[in-house]
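Numbers restart at 1 for each chain; the letters A, B, ... are given by sequence-line order, proteins then strands.
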Protein chains: 2
Amino acid sequence: MPSDTRRAPVSWQAIQADVLRRIEAGEWPPGAPIPNEVDLAAEFGCARTTVSRALRELAATGLLERRRKAGTRVALHPPGKATFEIPIIQHEVETRGCVYGYGLIAREMALATLHVRSRMALDPDASLLRLRALHLANGAPYMHEDRWVSPRAVPEILDVDLGRVSANAWLVQNVPFTQGTLTLCAKPAEADLAQALGCAPGAAIFTMERVTWLGRTAITFVVQSYAPGHRVTTTI
Amino acid sequence: MPSDTRRAPVSWQAIQADVLRRIEAGEWPPGAPIPNEVDLAAEFGCARTTVSRALRELAATGLLERRRKAGTRVALHPPGKATFEIPIIQHEVETRGCVYGYGLIAREMALATLHVRSRMALDPDASLLRLRALHLANGAPYMHEDRWVSPRAVPEILDVDLGRVSANAWLVQNVPFTQGTLTLCAKPAEADLAQALGCAPGAAIFTMERVTWLGRTAITFVVQSYAPGHRVTTTI
DNA sequence: CAGTGGTCTAGACCACGGT
DNA sequence: CCGTGGTCTAGACCACTGT
């Protein structure tokens, strides 16, 4: 009976981890070339495909730079891309162990302002659904939301009872989006925003502005203003 | 002579684009299951591996949800992950068409505060290099940086002339990092920060706090406070 | 149990881009 | 030119999980 000469398969995660280890250990310093895929495959005793898979993600995150013929190098400028998830507010609040609450402040049809039109790439006569709402954590103001929705993109929203379900939640469950733009900044609280959030006028407010698109049609533009002290944490 | 029956290879990008198109078109609405890999491979006339590759990235971005046996569905909560690159300040300023400037305000060895120690996982007696610096755009304050560097992790930095090269730039070009934590928030400007940035005390300041790690060793902790009006834009 | 995604293989061809 | 990464294939086995 012949001996079973098959190796245990080598996982791409294992290779990735080992490459990371060598970089951390200084074995492959920034800027240094690393062996090509064929050699690495031989060293690890696996198919080249597997090495490729392992290195692809490292290159995607920017830790490695790959060019045909030139080979693969440890990036000289570890570019550090940060990713963070756009939260579903209710989940976010409940994750912090608080009771979530929601209140609709205003609902109206309105002509888009110039600023909104430019962000959503709309015609000058575009009429949008404008919503202002407050999200609560344990009854305290958590985030104020000023939202514009295009009924042309999402006609169904006109029939939704947005006093009960937040536009955020409804859109998330009913309209997929394929692209989005997110802008982060700090703003002083305007008088009415300060009143809604229950903070002093001029307080430093963390603000997220978001436009989401389905193909080439803008679905919604929203300015979310968080109560003072809000922090967003992500991993690089 | 037999006719050449080979098909042109089907690229995973093409499959990915087509899947996206169907989702955008509403053919596969949120929550709906999509055909399994074998069926899709048959439909596209390619190997299952190629379909897998196409769908993997869509699942990674959260547009699709995949579970063994249950199959693949269009995500009900398109979670929207935003990614943005940690900028090299000089590049960022120059990209905006401004002349970059840099000034070191203070350089000292100091015991880490409790806050810094906890963020960097340091011993109570850890002595760190503390730097305060100002980055300028066209001579105007652009960003104030309060940085702590661990000489244990990066002893070479003690010999660098940080009056000429910013710690940011030096670290980026000389020390790779494998992990990092980024916190974003809005803060009112303290008196000395307001003076450094040339703004009113209490102004809303966009702040990024960052800790970077090489393996399990914290390299640096930095609080970057941007001049009022700063905005960060990313794509989802 | 059985269907589905996850992964690995060995081989092949191609595209890019230094030399 | 020709080395390197990028990709596709056809087949196989495995891991997870809903039924």
In terms of side-chain heavy atoms, does A:T220 have a donor or acceptor partner in A:R147 at a distance below 3.5 Å? yes

Write down the distance between CH2 (A:W12) and P (C:dG5), rounded to a whole number of angstrom. 18 Å

Would you mind classifying the nucleic acid contact of B:S11 as base, sugar-phosphate or nothing, using non-hydrogen atoms under 4.0 angstrom? sugar-phosphate

Indicate whether OP1 or OP2 belonging to D:dT9 is found under 4.0 Å from a side-chain N or O atom of B:T50. yes

Is B:R48 side chain donor-acceptor paired with the C:dT7 base, going by distance under 3.5 Å alone? yes

How close or far is atom P of D:dG18 from atom CZ of B:R73, stated in whole angstroms? 11 Å

Beyond-backbone contact of B:E37 with B:L40, side-chain heavy atoms, under 4.5 angstrom: no

Separation of C:dA10 atom C1' from A:E37 atom CD, nearest Å, is 15 Å

Describe, in one word, how the ring planes of B:H135 and B:Y100 are oriented to each other, choosing from parallel (under 30°), tilted (30 to 60°) and perpendicular (over 60°). tilted

In whole angstroms, the gap separating C1' of D:dT7 from CD1 of B:I15 amounts to 12 Å

Proximal nucleotide (of C:dG5, C:dC13, C:dG11) relative to the B:R66 side chain: C:dG5

Let me know the distance between CZ of B:R56 and P of D:dT7, rounded to the nearest Å. 11 Å

Output the rounded distance in Å from CG (A:N36) to P (D:dC2). 17 Å

Mutual orientation of the aromatic rings belonging to A:H230 and A:F206 [parallel < 30°, tilted 30-60°, perpendicular > 60°]: tilted

Sub-3.5 Å pairs of nitrogen or oxygen atoms, protein against nucleotides 16-19 of chain C:
unit_1	atom_1	unit_2	atom_2	d
C:dG18	OP1	A:R67	NE	3.2

B:E43: side-chain hydrogen bond (donor to acceptor under 3.5 Å, both in side chains) partners, not counting sequence neighbours: B:R22

Would you say A:T72 places a side-chain N or O within less than 4.0 Å of OP1 or OP2 belonging to D:dT4? no

N or O in side chain of B:Q13 less than 4.0 angstrom from D:dG6 OP1/OP2: no

Checking B:E209 side chain against B:V223 main chain: does a donor-acceptor pair fall under 3.5 Å? no

Any side-chain heavy-atom pair from B:E92 and B:T95 closer than 4.5 angstrom? no

Between C:dG6 atom P and B:E57 atom CD, what is the distance in whole Å? 13 Å

Would you tell me if any nitrogen or oxygen in the side chain of B:T49 comes within less than 4.0 Å of OP1 or OP2 on C:dT7? no

Starting from P on C:dT9, measure out to CZ on A:F44 and report it in whole angstrom. 12 Å

